[in-house]
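Here is the structure we will look at, set down as structure tokens.
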Amino acid sequence: MTQGRMGASGAPVVSFENVRKVYGHVKAVDGLTMDLRPGETVAFLGPNGAGKSTSLDMLLDLRKPTSGTIRMFGSDPYHAIKAGRVGAMLQSGGLMPEVTVRELVALVTGFHPRPLPVEQTLKRAGIASFAGQRVDKLSGGQTQRVRFALAIVGECDLIVLDEPTAAMDVETRQAFWVNMKAEVAEGRTLLFATHYLEEADQAADRIIVINKGRLLADGTPSQIKARAGAKRISFRLDRIDEPFLLGLPALVNVEIRHDLVQIQSTDSDRTLYALLDAGYRPREIEVSGVGLEQAFIAITAEDDRDGNGTTPGRSDSAGVASYAQH
Amino acid sequence: MNSTLALARAEVRRLGRNKRYSFFSVGLPVVLYLVIAPSARHYHVYGVAYPAYYMIAMASIGAFSGALTGNAQRISQERKDGWIRQLRLTALPANAYVIAKIIASMVITVPSTVLVLLLGRFYGGVHLELWKWFAIGGTIWIGALAFTALAVAIGYRFMPDTVQPIAMFVYFVMSILGGLWFALSGFLAKIGDVLPTYQVTRIGTDLISNQSVPATAYITILAWFAGFVVLAVIAVRATAETV
């Protein structure tokens with residue numbers, strides 16, 4: 001959609017510079033460095049406890065970093081937020097009870113320095129049909145959409161969404177992304193955290209993966225998938241020579257069950273040709289793309305293994321990040 | 001400031017719709033006054049006729065209970081629900097939430113206080129110069145402001161489950177030992193002497209009986225007020241990362 005990534009022009013919308021957040025002995029965020037460029041749609045991925053929420057909280061000035069710097073539109077986050085440049089929706093954000101949806105949206109619209117018409121916001125968020133209902137009488141999915149409405153009550157330059165579709169059913173989720181794409185088509189930058197990997201795959205120009213508070217991978221969805229082996233090759237083979245299979249080129253991972261072999265490879269053609277050139281004639285060959293989900297699991301699992309060693313592994317993750325960007 | 005006032009207006013509208021709040025801050029004192037004041041018409045306490053004392057007491061009860069228990073519970077709940085977080089993500093100035101709560105609380109105190117004072121005048125037969133009505137109303141209002149500050153402190157510091165018993169405990173201690181349910185004498189009056197609730201009643205009854213109000217009465221109220229404000233500021237600051 002947006003072509004603005006890599007060579008994007010202009011100063012970063014958001015920059016994290018070696019940001020750390022420590023609670024007692026726990027390093028929730030441990031030296032995170034990243035940039036968001038104008039117009040990008042960026043998915044923020046990581047397993048539970050990876051530091052996503054803490055990072056978003058610090059970005060939105062709800063928590064202060066223990067060390068490091070966060071800049072937003074060239075100033076500190078607090079001033080950018082108070083200037084109305086950010087529309088944000090958090091999982092942990094609540095709504096004022098005892099008022100109607102329309103009253104609430106109108107109230108929050110009034111806080112914004114560049115407000116948009118209330119009726120328009122209600123339509124854009126898909127909540128016009130229940131605008132007269134009381135906020136405390138809504139379903140989970142409806143509440144979620146009202147939260148989204150509060151993030152878009154004014155003209156902002158950056159939208160930050162923490163698991164925006166968590167309480168939504170499939171249909172509502174699709175409708176949500178249709179609306180969301182219209183928002184970012186106007187040149188806004190979007191950062192969203194999600195658990196739904198297919199959502200990141202479909203909506204994002206760029207994916208940032210963090211684990212244990214550190215940046216693990218940063219690149220386009222296809223780059224992230226390539227990180228974990230882009231293709232899966234499966235076939236049946238009668239006499240299996242395991243050492244030979246493990247020596248195949250471009251190989252990431254091999255699984256063998258009886259006569260069934262499953263290989264993850266960064267270059268399925270090369271791997272397959274090498275197998276055939278060696279004289280093997282496998283049956284029922286299937287080559288398929290690896291989903292983002294497998295890529296994500298592979299990347300974080302690899303990091304967790306590395307993390308058990310003696311080195312803290314920070315240089316590793318920086319290496320991974322630069323690898324993914326090339 | 002405009003958006004803070006808009007938030008305060010919304011808070012007032014919500015409080016007006018809340019039945020529980022209206023019952024404790026308006027319904028209860030009015031009903032008690034209607035029932036009890038006439039039956040004790042011939043008694044005298046604190047140097048004034050019972051209906052005059054009871055007018056001060058009931059106006060204070062309504063104002064203080066609304067300011068304390070209502071606000072503490074709601075602030076704690078809204079903090080837990082994440083509404084305070086949500087507001088911090090908007091362009092609203094920092095602390096607008098607390099300021100709006102205080103403004104709303106002070107606005108909503110006015111009708112309940114005025115209502116009980118009007119009952120005192122037209123039903124309880126209390127006759128006073130105009131300035132004294134304003135002095136009495138103003139004193140109760142300042143007292144309510146102090147309890148709003150305490151509500152902020154409790155609401156920010158404790159979760160809703162804990163807030164309820166704490167606020168009720170403070171409410172009963174302050175109202176009983178402040179002589180709002182019945183007039184105090186002897187040992188209890190000595191304890192009450194250090195409480196802001198007792199001093200509010202005392203200023204009111206002294207004004208009605210044309211006695212000069214001792215400076216210690218004002219000092220006691222202001223000291224509690226200052227103490228509650230300090231507690232509130234500490235609580236808001238200490239919880240900045242957890243709201």
Side-chain angles (χ1 to χ4, degrees), chain A residues 21 23 28 53-54 56-66 77-100 103-104 106-115 134-136 143 146-147 149-151 153-156 158-162, chain B residues 1-23 70-71 73-101 103-105 108 155-156 159-160 236-243:
Chain A
K21 179 70 179 180
Y23 300 106
S53 293
T54 308
L56 292 184
D57 279 1
M58 288 191 290
L59 174 65
L60 297 169
D61 196 53
L62 294 168
R63 292 170 195 271
K64 301 281 181 211
T66 310
Y78 178 81
H79 286 97
I81 290 163
K82 296 309 161 195
R85 302 199 68 175
V86 188
M89 163 181 173
L90 291 183
Q91 274 301 97
S92 53
L95 304 175
M96 183 194 242
E98 296 161 345
V99 295
T100 66
E103 284 172 331
L104 180 64
L107 176 70
V108 176
T109 301
F111 302 154
H112 204 280
R114 288 169 289 163
R134 268 178 55 160
V135 167
D136 36 322
T143 304
V146 175
R147 281 202 201 109
L150 298 188
V153 293
E155 282 182 38
C156 59
L158 168 67
I159 300 179
V160 179
L161 307 172
D162 185 9
Chain B
M1 199 60 203
N2 278 341
S3 40
T4 308
L5 288 178
L7 182 59
R9 257 200 309 280
E11 292 281 4
V12 170
R13 207 179 314 138
R14 286 176 60 203
L15 285 172
R17 283 178 199 174
N18 186 294
K19 292 189 181 73
R20 206 180 119 96
Y21 191 92
S22 313
F23 174 77
N71 278 317
Q73 183 69 27
R74 295 162 80 83
I75 290 170
S76 174
Q77 190 66 46
E78 285 162 19
R79 183 174 152 241
K80 187 180 171 216
D81 293 345
W83 171 236
I84 301 182
R85 277 173 82 85
Q86 184 74 45
L87 283 177
R88 283 177 64 179
L89 304 179
T90 69
L92 259 192
N95 293 335
Y97 171 79
V98 171
I99 293 166
K101 278 279 177 213
I103 295 173
S105 175
I108 204 104
Y156 265 84
M159 293 307 267
V236 171
R237 292 225 174 123
T239 53
E241 295 231 337
T242 53
V243 297

- Quick one: which of R9(B), R88(B), E11(B), E241(B) has the most heavy-atom pairs under 4.5 Å with chain A, could you say?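 Of the options given, most contacts go to E241(B).
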
- Query: If you count heavy-atom pairs under 4.5 Å with chain A, which of L7(B), L87(B), T4(B) comes out on top?
  - Reply: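 The option with the most such pairs is L7(B).
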
- Pick one of side chain, backbone, both or neither for R17(B), based on which atoms fall under 4.5 Å of a heavy atom in chain A.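 For R17(B), side-chain heavy atoms alone lie under 4.5 Å from chain A.
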
- Message: With a 4.5 angstrom heavy-atom cut-off, is it the side chain or the backbone of A94(B) that approaches chain A, or both, or neither?
- Response: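 For A94(B), backbone and side chain are both near chain A.
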
Please flag which part of [X] lies under 4.5 Å from any non-hydrogen atom of chain B: side chain, backbone, both or neither.
X	result
L107(A)	side chain
P77(A)	neither
V108(A)	side chain

- So, R74(B) and E98(A), do they make that salt bridge, N to O below 4.0 Å?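 Looking at E98(A) together with R74(B), the answer is yes, because their closest N to O distance falls below 4.0 Å.
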
- Query: Between R85(B) and E78(B), does at least one N-O distance fall below 4.0 Å, as a salt bridge requires?
  - Reply: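 Salt bridge between R85(B) and E78(B), a charged N being under 4.0 Å from a carboxylate O: no.
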
Rounded at 0.5 Å granularity, tell me how far [atom1] in [X] sits from [atom2] in [Y].
X	Y	atom1	atom2	value
S76(B)	D81(B)	OG	CG	9.0 Å
Y23(A)	T54(A)	OH	OG1	4.5 Å
Y156(B)	I84(B)	OH	CD1	4.0 Å

- Begin with the C-alpha distance, continue with both residues' side-chain angles, and end with the deciding distance and a verdict on salt bridge (charged side-chain N to carboxylate O under 4.0 Å, His left out) for R85(A) and E155(A). CA-CA 7 Å; R85(A) 302 199 68 175; E155(A) 282 182 38; over 6 Å; no

Using a cut-off of under 4.5 Å on heavy-atom pairs, state which of [options] scores highest against chain B.
options	value
H112(A), E103(A), R147(A)	E103(A)
G110(A), G87(A), P97(A), C156(A)	P97(A)
Q91(A), M96(A), M89(A)	M96(A)

- Could you tell me which non-hydrogen atom of R14(B) sits nearest to which non-hydrogen atom of V99(A), and how far apart they are?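 Shortest heavy-atom contact: CG-CG1, 3.7 Å.
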
